[in-house]
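So the structure is just underneath, and the comments pick up after that.
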Amino acid sequence: MSEHDRELVSPEAALDDHAVESALRPRTLDEFVGQDRVREQLSLVLRSAQQRGTAPDHILMSGGPGLGKTTLAMIIAAELGAPLRITSGPAIERSGDLAAVLSTLREGEVLFLDEIHRMARPAEEMLYVAMEDFRVDVMVGKGPGATAIPLEIAPFTLVGATTRAGMLPAPLRDRFGFVAHMDFYSPEELELILHRSARLLGIELLDDAAAEIARRSRGTPRIANRLLRRVRDYAQVRGDGRLTLECARAALSLYEVDDEGLDRLDRAVLDALLRRFRGGPVGLSTLAVSVGEEPETVEIVAEPFLVRAGFIARTPRGRVATPQAWAHMGLTPPPDAAFGAAALFDPDEEP
Ligand SMILES: Nc1ncnc2c1ncn2[C@@H]1O[C@H](COP(=O)(O)OP(=O)(O)OP(=O)(O)O)[C@@H](O)[C@H]1O
């Protein structure tokens, strides 16, 4: 897959998208579309803390890329009227990196720690203490003579985000008072998001075009907004600027987003699963190698949607294609295809 293709269909943010993405971010909980349960729960956590005049509990958000975790972190800070500090797990390579952030927090500040599961282990331990006791133990000296000097820090609210809640060590997970599970968005919710974005970008988006783009956006607002921009390009260059159903269909097929919203990576995964592994069961790493991707990319970017859309089932023996996958790819399953194993599907189980 070329970089260009990946940029179009991947839920990961591409660099030049950031300016537009931040312009399109909802600023308040009321403007935030969908995730109704999370919104309601979060609103209670925030309001009650405000009434008590204390910092709210630490908040963990789990969910795939592009579902709105960063947006929600910004909204949390805005709703609390608190400053926001943003960092990420990979940026914290040593506990000293974390100590530098924690010791400069202001009272009530919201610290957004993206990809929290990728933080260095020693820093994790420092974070436990900071979250619970608002203290960091700064190590002075080395070897047997090293001493820990406790340093008080201002009470703050940690907002952690992860694509893999299951990978967080239990002691860290347990220190969050509230865990928000972000799910894929329904096509109706994505339509609302698209209309809102079109309004902000000054684009004339017709209802049936919005429905078409929403249906093909893999349940992900970031993808919906990105496809909207590509359909806009098409309408501008080849049409009269209005985003009609015809424009949407033509542009999406040009960019190889299929009827179900599957992109090149999704189709490569399905193709390998069906043709090479006769529908499975096959392990995730083997599947990833056969499409030339990291297992993490297949697991986080492609698989959740393929499972959700009913093309793949995760079974204790590996990934299995469903009859719907064979039909979608226009292939006939062999007589011994392992559909039966799909009955063992348990969404919480990691084969
Ligand atoms: N509920 C929503 N309503 C409207 N727009 C949304 C919503 N959620 C996300 N978006 C849009 O999608 C884009 C991506 O969202 P965001 O950056 O918050 O995702 P994320 O989950 O933090 O992804 P990543 O983990 O990859 O950074 C934002 O620019 C925002 O415009």
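Just follow the structure's listing: the first ligand is 1, and inside any ligand the first atom is 1.
Within the 4.0 Å heavy-atom cutoff, Gly34 does not count among the residues contacting ligand 1.
Atoms of ligand 1 found under 4.0 Å from any heavy atom of Leu24, numbered from 1 in the order shown, are 31 (O). If you number the atoms of ligand 1 from 1 as listed, the ones under 4.0 Å from a heavy atom of Asn225 come out as 11 (C), 31 (O). Listed by number with element, the atoms of ligand 1 under 4.0 Å from a non-hydrogen atom of Pro26 are 3 (N), 4 (C), 5 (N). Applying the 4.0 Å criterion to heavy atoms of Val33 picks out, from ligand 1, the atoms 1 (N), 2 (C), 3 (N). The distance from ligand 1 to the heavy atoms of Thr71 drops below 4.0 Å at these ligand atoms: 15 (O), 16 (P), 18 (O), 28 (C), 30 (C). Each of the following atoms of ligand 1 lies closer than 4.0 Å to a heavy atom of Ile193: 2 (C), 3 (N), 4 (C), 5 (N).
Checking only distances, Leu67 does come within under 3.5 Å of ligand 1, N or O to N or O. In terms of N/O distances under 3.5 Å, ligand 1 is approached by Gly68. Considering backbone and side-chain N/O atoms, Lys69 comes within less than 3.5 Å of an N/O atom of ligand 1. At under 3.5 Å, not a single nitrogen or oxygen of Glu31, backbone or side chain, sits near a nitrogen or oxygen of ligand 1.
Judged purely by distance below 3.5 Å, without hydrogens or angles, the side chains of Arg226 and Ser217 never pair a donor atom with an acceptor atom. Side-chain contact of Asp258 with His328: a donor-acceptor pair under 3.5 Å is present, judged by distance alone.
The number of heavy atoms from other shown groups lying within 6.0 Å of CZ (Arg276) does not exceed 12.
Here Phe184 pairs with Phe305 under the ring pair (Phe, Tyr, Trp, His ring centres under 6.0 Å) rule; sequence neighbours left out. Applying the ring pair (Phe, Tyr, Trp, His ring centres under 6.0 Å) criterion to Phe134, with sequence neighbours excluded, gives Phe156.
Here the shortest heavy-atom distance to atom 14 (C) of ligand 1, taken over Gln35, Arg226, Glu115, Arg222, belongs to Arg222.
Using a cut-off of 4.0 Å between Lys/Arg side-chain N and Asp/Glu carboxylate O, Glu212 and Arg216 are scored as salt-bridged. Remark: Asp271 does not engage Arg267 in a salt bridge, criterion side-chain N to carboxylate O under 4.0 Å.
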side-chain hydrogen bond (donor to acceptor under 3.5 Å, both in side chains) between Thr104 and Arg85, worked out: CA-CA 10 Å; Thr104 52; Arg85 183 87 62 96; 3.2 Å; yes
